[in-house]
Amino acid sequence: MFVSSATAGIYVIKLEKWFDNTTMEGLPLLLEATGRCPPDVGGASGYAEYLDAISDPAHPEHEQMRLRGPKQFDPNVVDRKSIEPAVDALSEIWKPHRRAMRSK
């Protein structure tokens, strides 16, 4: 799991397969994504309430909740443009670093 403070999102990264000759160059890659990161609406319980309210125009908090999130929010649409920079940042974090030789 990777938490991005830039997007306040939590991403689960699943390592499918690793080969002995695999290098870290250009890794990780975003192969697939499911769902969309929720807007800041108060955690998991707030997100469930948010989804109920925005999907039901008769909901008493529909208008208020609709204004809290993005103009058009579909929880099933993946926003790859916001996820890919966080995945790309992992390349920098995960790349092997040369160890400095200590002189004796």
Side-chain angles (χ1 to χ4, degrees):
M1 179 170 61
F2 172 66
V3 179
S4 169
S5 59
T7 59
I10 297 175
Y11 309 99
V12 176
I13 298 172
K14 180 180 177 185
L15 180 61
E16 293 283 338
K17 192 180 281 189
W18 192 264
F19 299 97
D20 289 336
N21 63 348
T22 302
T23 67
M24 291 298 292
E25 188 67 33
L27 295 178
L29 299 173
L30 178 60
L31 300 176
E32 182 180 311
T34 306
R36 187 171 184 176
C37 290
D40 185 11
V41 290
S45 62
Y47 183 51
E49 185 178 324
Y50 171 78
L51 291 177
D52 287 343
I54 66 167
S55 65
D56 179 7
H59 191 284
E61 295 183 39
H62 175 77
E63 190 61 25
Q64 178 187 4
M65 288 293 198
R66 194 181 61 73
L67 294 173
R68 286 183 72 184
K71 194 170 194 119
Q72 296 283 319
F73 183 79
D74 183 344
N76 300 310
V77 173
V78 175
D79 184 7
R80 288 185 69 101
K81 286 184 179 182
S82 70
I83 298 172
E84 285 175 340
V87 174
D88 291 344
L90 289 176
S91 294
E92 187 62 32
I93 295 168
W94 289 359
K95 77 178 181 183
H97 298 281
R98 296 182 142 238
R99 293 179 181 231
M101 299 291 285
R102 288 191 280 172
S103 59
K104 293 185 179 187

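All figures in this text were calculated on a predicted structure; none of them were measured in a lab. Below, each value reflects all heavy atoms present in this structure, side chains not excepted, and no hydrogens, waters or symmetry copies.
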Is V78 linked to F73 within one hydrophobic cluster, defined over Ile, Leu, Val, Met, Phe, Trp and Tyr using a side-chain heavy-atom separation of less than 4.5 Å? no

Do P38 and Y50 have side chains that approach each other closer than 4.5 Å (heavy atoms only, starting at C-beta)? no

Taking atom CG of D40 as the centre, report whether more than 12 heavy atoms of other residues, nucleotides or ligands fall under 6.0 Å from it. no

So CG of L67 and CD of E61: to nearest 0.5 Å the spacing works out to 12.0 Å

As an exercise, state the distance from CZ of R80 to CZ of R36, rounded to the nearest 0.5 Å. 14.0 Å

Of all the heavy-atom pairs spanning S45 and G42, show the shortest one and how long it is. OG-O, 4.1 Å

In this structure, CG of L51 is separated from CG of D56 (nearest 0.5 Å) by 12.5 Å

For I54, run the side-chain contact (heavy atoms from CB on, under 4.5 Å) check against E63, E49, M65, R68 and tell me which one passes. M65

